[in-house]
A.B. asks: 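This structure is in structure tokens; I'll ask about it shortly.
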Amino acid sequence: MAQKRPSFRGGFTLIELLTVIAVIGVLAAILIPVVGSVRSRGRAANSVSNLRQIFVGLTLFADENRGFFPKAAAQVDWNANETDPARMSWSQQLRPYGTGRNFFITPRFEREGSAYFIGSRAGFVAAGERGFVATRRHRIAFPTQFVLGGETNFAFAESDFDKDDYTQNCIDPAAGTLFSDGTQAVLFADGHVVRVKAYDPATMTFRYDTMGAW
């Protein structure tokens, strides 16, 4: 009769288990920042795409309104039941041009409401800083440098879909306009979008016919 061999139950030793845990910890430490970075870049790309679509809406609006872009008014909640275009947010005025609410909400935004502002500073300054003024496309002398809008993390009132730069620089790191990756996307009057880390008076302007600081 053949002698039976003793059977052994397989398993991890304590050292092997600790080694596996250590390897998993190292991999997690490497992968988590990478995943976060990829997610951040994806959100930033989504916001740039939104701004390009917003530019299409702004262009169509100006085409039908004698070259004027939508005028920002005051703080306007998207859900406000407003039918008077003069009292609508600039983003609401773009609804007939294919830019619905979703274009103004991005997961990159760290507050409620919309992350986007419209460039209103030029008209405001040209009018002697009197009231709400629409930006006029025909007066823009430097379309490749003119800030037509962009995303901003500036601490506007929550849920405001009518952000503008009448009285605040929306591209100012000192005022908290950058996002967690240290950038923000800026839309220029010729339609191109650039992610920047600060306002550059040499390549950007808020004025119709001059370059310079905000």
Side-chain angles (χ1 to χ4, degrees), residues 47-76 82 84-100 103-104 114-154 156 160-173 175 177 183-214:
S47 190
V48 169
S49 177
N50 285 355
L51 281 170
R52 287 173 176 153
Q53 183 62 35
I54 289 170
F55 174 74
V56 173
L58 289 171
T59 299
L60 293 174
F61 183 97
D63 287 344
E64 294 185 1
N65 290 274
R66 297 178 294 118
F68 286 98
F69 292 112
K71 179 175 65 175
Q75 178 184 341
V76 182
E82 184 58 65
D84 180 3
R87 298 173 64 88
M88 287 181 178
S89 68
W90 66 269
S91 54
Q92 288 171 319
Q93 294 175 57
L94 292 184
R95 282 182 295 186
Y97 303 96
T99 48
F103 287 106
F104 297 93
S114 172
Y116 304 112
F117 74 95
I118 190 170
S120 303
R121 181 70 178 172
F124 185 64
V125 171
E129 302 187 359
R130 295 188 302 274
F132 304 121
V133 181
T135 299
R136 191 165 192 179
R137 182 171 56 190
H138 304 316
R139 296 193 61 182
I140 298 173
F142 307 103
T144 59
Q145 289 89 26
F146 184 86
V147 177
L148 185 58
E151 62 174 2
T152 183
N153 203 30
F154 188 86
F156 285 92
D160 184 11
F161 279 81
D162 202 46
K163 294 178 172 66
D164 58 70
D165 58 4
Y166 283 123
T167 58
Q168 55 276 318
N169 188 346
C170 292
I171 313 174
D172 181 8
T177 64
T183 70
Q184 64 186 110
V186 178
L187 169 66
F188 293 89
D190 68 340
H192 82 281
V193 180
V194 177
R195 288 172 61 193
V196 303
K197 296 182 177 180
Y199 177 74
D200 180 9
T203 59
M204 305 164 69
T205 184
F206 288 95
R207 309 299 177 91
Y208 280 132
D209 54 8
T210 59
M211 298 292 296
W214 178 76

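Computed from heavy atoms alone, side chains included, the values below leave out hydrogens, waters and symmetry copies. Just so it is clear, the model here is predicted, and its values are computed rather than measured.
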A.B. asks: Do T99 side-chain atoms and G57 backbone N/O form a donor-acceptor pair below 3.5 Å?
C.D. replies: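 Not at all, since once roles are kept as given, no pair shorter than 3.5 Å links the two residues.
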A.B. asks: Might you point out which heavy atoms bring P201 and A213 nearest each other, and give the distance in Å?
C.D. replies: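 Smallest interatomic distance, heavy atoms only, reads CB-N, 3.8 Å.
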A.B. asks: Supply the atom-to-atom distance I54 CD1 to W90 CH2, rounded to the nearest 0.5 angstrom.
C.D. replies: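 Atom-to-atom, I54:CD1 and W90:CH2 are 5.0 Å apart.
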A.B. asks: Got a second to check how far F146's CZ is from Y208's OH, nearest 0.5 Å?
C.D. replies: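 OH of Y208 is found 6.0 Å from CZ of F146.
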A.B. asks: Measure the spacing between CZ of R207 and CH2 of W214 and express it to the nearest 0.5 Å.
C.D. replies: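 Between atom CZ of R207 and atom CH2 of W214 there are 8.5 Å.
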A.B. asks: Between the main-chain N or O of R121 and the side-chain N or O of D165, is there a donor-acceptor pair closer than 3.5 Å?
C.D. replies: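 Judged by distance alone, yes, a pair lies under 3.5 Å.
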A.B. asks: Would a distance-only check, ignoring hydrogens and angles, find a side-chain to backbone donor-acceptor pair under 3.5 Å from S114 to F161?
C.D. replies: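 Checking the backbone N and O of F161 against the side chain of S114, no donor-acceptor pair under 3.5 Å is found.
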A.B. asks: Nearest 0.5 Å, what's the CD-CZ distance between E151 and F104?
C.D. replies: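 Here the rounded value is 13.5 Å.
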A.B. asks: Could you tell me if the side chain of F117 sits less than 4.5 Å from the side chain of I171, heavy atoms only?
C.D. replies: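 Side-chain contact under 4.5 Å: yes.
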A.B. asks: Would you confirm whether D162, through its side chain, and A73, through its main-chain N or O, come within 3.5 Å as a donor-acceptor pair?
C.D. replies: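 Present.
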A.B. asks: Side-chain contact, heavy-atom cut-off 4.5 Å: Y97 with L58?
C.D. replies: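 A side-chain contact is absent here, since even the closest heavy-atom pair is not under 4.5 Å.
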A.B. asks: I want to check something: taking the side chain as every heavy atom from C-beta on, are F206 and V147 in contact at a cut-off of under 4.5 Å?
C.D. replies: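 The answer is yes, as the side chains (C-beta and beyond) meet within the 4.5 Å cut-off.
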A.B. asks: What are the two closest heavy atoms between N169 and F154, and how far apart are they?
C.D. replies: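 Shortest heavy-atom contact: O-CD1, 4.2 Å.
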A.B. asks: Looking at every non-hydrogen atom in both residues, tell me the closest pair between F103 and N50 and how far apart they are.
C.D. replies: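 F103 and N50 have their closest heavy atoms at O-ND2, 3.3 Å.
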A.B. asks: Check for a donor-acceptor pair, side chain of S120 on one end and backbone N or O of D164 on the other, with a separation under 3.5 Å.
C.D. replies: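 No, because the side chain of S120 does not come within donor-acceptor range (under 3.5 Å) of the backbone of D164.
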A.B. asks: For A74, is there any backbone N or O sitting under 3.5 Å from a side-chain donor or acceptor partner on Y166?
C.D. replies: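 Side chain of Y166 to backbone of A74, a donor-acceptor pair under 3.5 Å: no, none is there.
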A.B. asks: Taking only residues two or more places apart in sequence, or in another chain, which ones meet S89 in a side chain to side chain donor-acceptor pair (under 3.5 Å)?
C.D. replies: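 Expected list: S91, Q92.
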A.B. asks: Using side-chain heavy atoms (C-beta onward) and a distance below 4.5 Å, is N153 in contact with Q184?
C.D. replies: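 They are not in side-chain contact.
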A.B. asks: Under 4.5 Å between any side-chain heavy atoms of T167 and F124, yes or no?
C.D. replies: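 SC-SC contact between T167 and F124 confirmed.
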A.B. asks: Treating N65 as the side-chain partner and G67 as the backbone partner, does any N or O pair qualify as donor plus acceptor under 3.5 Å?
C.D. replies: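 A pair under 3.5 Å: no.
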A.B. asks: Using distance alone, with no hydrogens and no angle criterion, decide if Y116 and S47 have a side-chain donor and acceptor under 3.5 Å apart.
C.D. replies: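 A donor-acceptor contact under 3.5 Å links the two side chains.
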A.B. asks: Check for a donor-acceptor pair, side chain of T177 on one end and backbone N or O of T152 on the other, with a separation under 3.5 Å.
C.D. replies: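 Pair absent, no side-chain N/O of T177 close to backbone of T152.
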A.B. asks: What distance separates Q75 CD from K163 NZ, expressed to the nearest 0.5 Å?
C.D. replies: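 Reported value, rounded in 0.5 Å steps: 8.5 Å.
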A.B. asks: Looking at every heavy atom in both M211 and T203, which two are closest together, and how far apart are they?
C.D. replies: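 Minimum heavy-atom contact is CE-C, 3.8 Å.
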A.B. asks: If you look at every heavy atom in G150 and L51, which pair is closest and at what distance?
C.D. replies: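 Taking G150 first and L51 second, the nearest heavy atoms are CA-CD2, 3.8 Å.
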A.B. asks: Do R137 and D63 come within less than 4.5 Å of each other through their side chains, counting heavy atoms only?
C.D. replies: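 In short, these two side chains touch, coming nearer than 4.5 Å.
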A.B. asks: Distance from F142 atom CZ to T210 atom OG1, nearest 0.5 Å?
C.D. replies: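 Answer rounded to 0.5 Å: 7.5 Å.
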A.B. asks: For K71, does its backbone N or O pair with a side-chain atom of Q93 as donor and acceptor, under 3.5 Å?
C.D. replies: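 Side chain of Q93 to backbone of K71, a donor-acceptor pair under 3.5 Å: yes, one is there.
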A.B. asks: Compare every heavy atom of Y199 with every heavy atom of G212, then report the nearest pair and how far apart it is.
C.D. replies: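 So the two residues come closest at O-OH, 2.6 Å.
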